[in-house]
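What follows is a short report on a single structure.
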Amino acid sequence: MNAVLSPKATGRTTQEWQRADAQHFLHPFTDFGALAKKGSRIITHAENIYLWDSEGHKILDAMSGLWCVNVGYGQQALIDAATRQLKELPFYNAFFQTATPPAIELAELLAEVTPAQFKHVFFSGSGSEGNDTVVRMVRRYWDILGQPERQVIISRKNAYHGSTMAGASLGGMSYMHAQGGLPIPGIVHIEQPHWFENGKSMSRAEFGKVAAGWLEDKILEVGPDKVAAFIGEPIQGAGGVIVPPETYWPAVQAICDKYGILLVSDEVICGFGRTGNWWGCETMGTKPDLMTFAKGVTSGYVPLGGVMVGERVAKVLIEQGGDFNHGYTYSGHPVACAVAIANIKLIRELKLVEHVRDDVGPYLAEQFKTLEAHPLVGEVQTVGLMGAVQLVKNKALLAPFAPELEVGMVCRGHCFGNGLIMRAVGDRMIIAPPLVITRAQIDEMMALVRRALDLTLADVKAKGWL
Ligand code: PXG
């Protein structure tokens with residue numbers, strides 16, 4: 001068991017928190033009844049890359065909260081920025097021809113840290129809302145240009161683009177579509193560029209081109225004059241840290257260019273240094289027209305999201321568009337924007353993008369590579385500070401376990417039990433630690449990962465699953 005310290009006083013015992021939680025709090029993506037019986041884990045405080053629960057267990061947070069706490073917990077600059085702004089002006093809106101200094105300054109700063117085509121931003125409160133804005137904006141763009149029939153947005157199966165009606169529709173999670181009558185009209189999906197699932201009979205390079213070809217097939221099926229945009233995460237995050245072959249994104253870009261289709265890069269996870277560049281599209285070599293961001297923009301300290309709008313779209317909206325009938329109360333929330341400014345300045349000051357690109361990213365890749373020798377591991381992928389370990393039943397054949405055995409969940413249980421937060425997506429174990437992580441902390445994390453894999457192997461053997 002991981003180190004147990006006396007828990008932080010929170011005024012109630014763990015059982016009291018769990019009881020109140022079960023009685024009143026409906027958690028996201030959760031079987032409410034099952035959780036109420038089991039009881040939630042109560043996280044009470046955090047520092048740097050560590051969390052503590054209400055029982056006093058110290059946990060290494062290798063998921064950065066939920067892919068967002070990139071500068072780590074407890075950064076005073078962000079706390080001060082929020083406090084200052086709360087005192088000065090806790091809220092004012094950006095409707096009715098008004099603006100606040102933090103929203104303007106953040107817009108300016110985002111134009112500096114994003115690729116050259118981006119000079120404008122539309123703010124939202126989250127990544128899901130950002131993608132709702134994307135749907136509205138790309139359709140509006142084609143409307144203004146006199147091509148209102150260009151409505152269809154192509155996305156990918158097993159993509160995650162959020163949980164609002166549009167976000168979940170853009171996403172390719174079938175279990176989400178199964179609830180609530182999704183996807184909404186005009187959104188279609190192609191297969192994902194997941195070599196392990198869909199391409200093992202080919203080389204990775206060959207598969208990348210084949211997978212990009214599925215986009216062209218879909219464009220031709222829908223009709224090129226009906227397609228508005230293609231959206232994708234540079235690296236699928238929630239889908240299991242699926243790193244496409246190097247040949248994939250350049251081929252996708254070429255297809256979008258060929259048919260004049262807008263390319264939208266969902267940078268909610270990949271943005272702000274996660275992949276070793278400021279943006280995942282820079283790592284993957286594309287030049288998107290729109291970029292959705294959220295999470296890392298404030299390192300998750302307060303909610304904020306938005307869409308970077310490239311010159312191609314901005315010019316049309318600004319010069320020919322008239323009113324764009326869309327926006328949120330919290331578009332450009334001054335406190336969120338003040339925290340984002342402090343966060344971006346801190347990323348620059350600590351040189352976190354370079355730290356990921358030149359130091360801890362390559363070190364993580366080297367360390368993860370050693371896991372390939374483990375009997376349970378069939379594939380290992382990393383880019384920057386995102387990593388995936390695919391568990392397999394038969395290493396030589398790369399044959400998966402039967403999904404109902406939930407071997408990934410067994411492994412996740414051992415991670416939790418030993419003080420490590422690592423996610424399981426099916427039998428793919430994934431991490432995305434805070435960008436401030438050091439080499440020594442990666443060593444500490446790797447020891448916990450290896451221990452979880454060994455304990456999982458022992459379980460799997462004992463159950464006769466291997
Ligand atoms: N796009 C991407 C690429 C995301 O990863 C969203 C949009 C939506 O952002 P909001 O802020 O509306 O949640 C996300 C969110 C998981 C998990 O299980 C991932 C996300 C959210 C919740 C769970 O890995 N990503």
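Whatever order the structure lists them in is the order used to number ligands and atoms, beginning at 1. All values below were derived from every heavy atom in this structure, side-chain atoms included, with hydrogens, water molecules and symmetry-related copies excluded.
By the 30° and 60° cut-offs, the orientation of the rings of His326 relative to Phe324 is tilted.
In this structure, the ring of Phe91 has its center less than 6.0 angstrom from the ring center of His333. For His120 and Phe122, the gap between ring centers reaches or exceeds 6.0 Å.
Sorted by first and then second residue, the side-chain hydrogen bond (donor to acceptor under 3.5 Å, both in side chains) pairs with a member in residues 167-191 read Glu191-Asn198; sequence neighbours excluded.
Side-chain contact check for Asn343 and Thr298: no donor-acceptor pair (N or O, by modelled atom type) lies under 3.5 Å.
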Side chain to side chain donor-acceptor pair (under 3.5 Å) between Asn48 and Gln441, intermediate numbers included | CA-CA 11 Å; Asn48 184 235; Gln441 287 172 328; 2.8 Å; yes
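Protein residues having a heavy atom under 4.0 Å from any atom of ligand 1 are Leu66, Trp67, Ser126, Gly127, Ser128, Asn131, Tyr160, His161, Gly162, Glu233, Ala238, Asp266, Val268, Ile269, Lys295, Arg423, listed by chain and number.
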